[in-house]
*Asks:* 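Have a look at this one before I ask anything.
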Amino acid sequence: MRSKVVAGNWKLNGSLAGNESLLKALLREIPRDNPVACVVCVPSPYLAQVRALLEGAGIAWGAQDVSRFDHGAYTGEVSAPMLVEFGCRYVLVGHSERRTIFGESDAIAAQKYVAARKAGLTPIFCVGETLEERDRGETQAVLARQVDALLQAYGAVGLERGVIAYEPVWAIGTGKTASAAQANEAHAFIRARIGAKDAQVAARLPIVYGGSVKAANAAEIFAMPDVDGGLVGGASLVAEEFVAIWRAALGR
Ligand code: PGA
């Protein structure tokens with residue numbers, strides 16, 4: 001059985017007061033031992049606050065990006081060993097907003113994945129096509145290119161203890177969701193691509209869906225055989241929504 005993950009991506013949102021009330025509301029609902037990992041990926045300056053509130057509870061935390069370098073003259077970067085010092089277990093890597101707004105290439109995303117794994121973090125590696133790419137029939141070619149960059153950098157065994165997030169760019173923050181069938185098709189393609197290199201790693205790899213996941217659509221998407229949870233942006237900022245999405249992954 002593959003493990004399931006529901007991760008919230010707060011993006012550039014939060015404040016000390018707002019984070020505290022959101023996390024306290026989540027803590028009231030998410031039990032300490034649960035079969036579906038519940039994760040919040042927060043802006044790095046809040047990691048100390050989040051650790052203080054979540055330590056010992058059933059919610060893990062992580063960052064939204066990581067440097068490919070461990071230390072040195074790289075102004076503005078935050079390294080994987082630093083994230084580990086703040087109790088992070090997860091980190092998003094190669095989110096489409098990093099790729100499109102900040103010009104992050106496939107190769108840089110793959111290097112960040114390697115840096116995160118070497119420090120013992122679980123990277124959530126984001127892939128997905130734009131609307132133009134889908135309309136041109138290039139979805140699988142784009143996913144193959146993004147996944148292959150990772151396989152080349154680290155090999156299939158390097159994907160052990162990682163998570164892939166399939167996030168069609170056209171579904172992020174738009175209110176448009178991929179249909180359950182579209183999501184499953186992309187997930188199955190990604191799994192087969194990795195499976196061609198290592199069937200066991202592919203069979204165990206959690207592949208989560210992201211892109212306008214809400215309480216109202218989560219159960220249908222999460223019921224698909226190749227969908228192992230979700231990466232949730234906007235809806236992760238509302239405690240009741242995020243808890244309901246996490247419950248949908250539990251299957252109740
Ligand atoms: P969304 O964002 O749920 O707001 O569409 C998902 C993401 O960008 O990870």
Side-chain angles (χ1 to χ4, degrees), residues 4-14 18-19 22 26 36-44 46 50 59-66 88-104 109 112-113 116 121-131 133-134 139 142-143 146-147 150 162-180 182-184 186-187 190 206-222 224 227-249:
K4 287 189 184 176
V5 181
V6 171
N9 173 11
W10 289 5
K11 307 194 180 187
L12 188 52
N13 296 293
N19 302 344
L22 173 57
L26 296 181
V36 173
C38 181
V39 185
V40 289
C41 294
V42 308
S44 291
Y46 296 128
V50 170
I59 306 171
W61 60 97
Q64 299 168 13
D65 187 25
V66 64
C88 289
R89 288 193 19 226
Y90 293 84
V91 63
L92 303 182
V93 171
H95 189 278
S96 68
E97 285 151 16
R98 301 296 321 166
R99 293 175 187 263
T100 56
I101 304 169
F102 301 100
E104 215 169 275
K112 290 183 170 189
Y113 183 100
L121 293 165
T122 297
I124 301 177
F125 189 79
C126 306
V127 297
E129 80 288 358
T130 63
L131 188 57
E133 288 163 342
R134 176 165 280 269
T139 299
V142 170
L143 297 178
Q146 293 169 334
V147 169
L150 193 52
V163 174
I164 304 263
Y166 169 61
E167 297 204 302
V169 178
W170 48 272
I172 295 178
T174 58
K176 281 188 209 147
T177 324
S179 68
Q182 279 173 325
N184 200 63
H187 286 221
I190 293 165
I207 304 179
V208 302
Y209 170 80
S212 299
V213 175
K214 308 185 263 293
N217 58 28
E220 192 191 349
I221 298 171
F222 295 171
M224 300 308 280
V227 178
D228 307 308
L231 179 55
V232 186
S236 74
L237 300 172
V238 182
E240 309 80 70
E241 276 282 311
F242 191 56
V243 167
I245 293 165
W246 172 80
R247 288 214 174 102

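Whatever order the structure lists them in is the order used to number ligands and atoms, beginning at 1.
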*Asks:* Any atom of ligand 1 sitting under 4.0 Å from a heavy atom of Cys126?
*Replies:*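 Distance cut 4.0 Å: Cys126 fails for ligand 1.
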*Asks:* Are the side chains of Leu121 and Cys88 in contact, using a 4.5 Å heavy-atom criterion?
*Replies:*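 Yes. Closest side-chain heavy atoms under 4.5 Å.
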*Asks:* Return the CG to CD1 distance between Leu150 and Ile190, rounded to the nearest 0.5 Å.
*Replies:*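 So the gap between those two atoms works out to 11.0 Å.
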*Asks:* Any heavy atom of Gly210 sitting closer than 4.0 Å to ligand 1?
*Replies:*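 Checking ligand 1 against Gly210, which is what was asked, there is no heavy-atom contact under 4.0 Å.
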*Asks:* Report yes if the side chains of Val243 and Leu26 come closer than 4.5 Å at any heavy-atom pair, otherwise no.
*Replies:*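 In short, these two side chains touch, coming nearer than 4.5 Å.
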*Asks:* Would you check if Lys4 and Pro206 make a side-chain contact, meaning some heavy-atom pair closer than 4.5 Å?
*Replies:*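 Not in contact.
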*Asks:* With a cutoff of 4.0 Å, is Ala235 in contact with ligand 1, counting heavy atoms of the residue only?
*Replies:*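 Per 4.0 Å heavy-atom rule, Ala235 does not contact ligand 1.
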*Asks:* Show which atoms of ligand 1 fall inside a sub-4.0 Å distance from at least one heavy-atom site of Ser212.
*Replies:*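 Listed by number with element: 1 (P), 3 (O), 5 (O).
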*Asks:* What are the atoms of ligand 1, with element, lying closer than 4.0 Å to any heavy atom of Leu231?
*Replies:*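 So the answer, numbered in order with elements, is 9 (O).
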*Asks:* Is the shortest distance from a heavy atom of His95 to ligand 1 less than 4.0 Å?
*Replies:*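 His95 counts as a contact of ligand 1 under the 4.0 Å cut-off.
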*Asks:* Which residue owns the protein heavy atom closest to atom 7 (C) of ligand 1, what's the atom, and how far is it?
*Replies:*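 Nearest neighbour among protein heavy atoms for atom 7 (C) of ligand 1, to 0.1 Å: Glu167 OE2, 3.1 Å.
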*Asks:* Need the ligand 1 atom indices (1-based, order shown) with element for anything under 4.0 Å from a heavy-atom of Gly173.
*Replies:*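 Listed by number with element, the hits are 1 (P), 4 (O), 5 (O).
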*Asks:* Roughly how far, to the nearest 0.5 Å, is CD1 of Ile172 from OG of Ser96?
*Replies:*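 Interatomic distance, Ser96 OG to Ile172 CD1, rounded to 0.5 Å: 3.0 Å.
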*Asks:* Please report the interatomic distance CD1(Ile59) to CH2(Trp246), rounded to the nearest 0.5 Å.
*Replies:*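 Going from CD1 on Ile59 over to CH2 on Trp246, the span is 9.0 Å.
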*Asks:* Looking at atom 4 (O) of ligand 1, what's its closest protein heavy atom, distance included?
*Replies:*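 The protein heavy atom lying closest is Gly234 N, 2.9 Å.
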*Asks:* What atoms of ligand 1 come closer than 4.0 angstrom to any heavy atom of Ala171?
*Replies:*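 The list of qualifying atoms is 5 (O).
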*Asks:* Any atoms of ligand 1 less than 4.0 Å from a non-hydrogen atom of Gly211? List them with their elements.
*Replies:*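 In order of numbering, the contacting atoms are 5 (O).
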*Asks:* Testing Gln182, Glu129, Lys176, Glu133 one by one against Pro168 for a side-chain contact (heavy atoms from CB on, under 4.5 Å), which residue passes?
*Replies:*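 With Pro168 as partner, side-chain contact (heavy atoms from CB on, under 4.5 Å) holds for just one option, Glu129.
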*Asks:* For ligand 1, indicate whether the residue Asn9 contacts it via side chain, backbone, both or neither (heavy-atom separation under 4.0 Å).
*Replies:*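 The side chain, only.
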*Asks:* For atom 3 (O) of ligand 1, what is the closest protein heavy atom, and at what distance to 0.1 Å?
*Replies:*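 It is Gly233 N, 2.8 Å.
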*Asks:* Does Arg99 qualify as a cation-pi partner of Phe125, given the criterion of NZ or CZ under 6.0 Å from the six-membered ring centre and within 45 degrees of its axis?
*Replies:*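 Judged by the rule, Arg99 and Phe125 form a cation-pi pair.
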*Asks:* Can you sort out which atoms of ligand 1 are near Lys11, meaning under 4.0 Å from one of its heavy atoms?
*Replies:*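 The atoms of ligand 1 under 4.0 Å from a heavy atom of Lys11 are 2 (O), 7 (C), 8 (O).
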*Asks:* Tell me whether Leu12 at atom CG has more than 12 heavy atoms from other residues, nucleotides or ligands lying less than 6.0 Å away.
*Replies:*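 No, because the 6.0 Å sphere around CG of Leu12 holds 12 heavy atoms or fewer from other groups.
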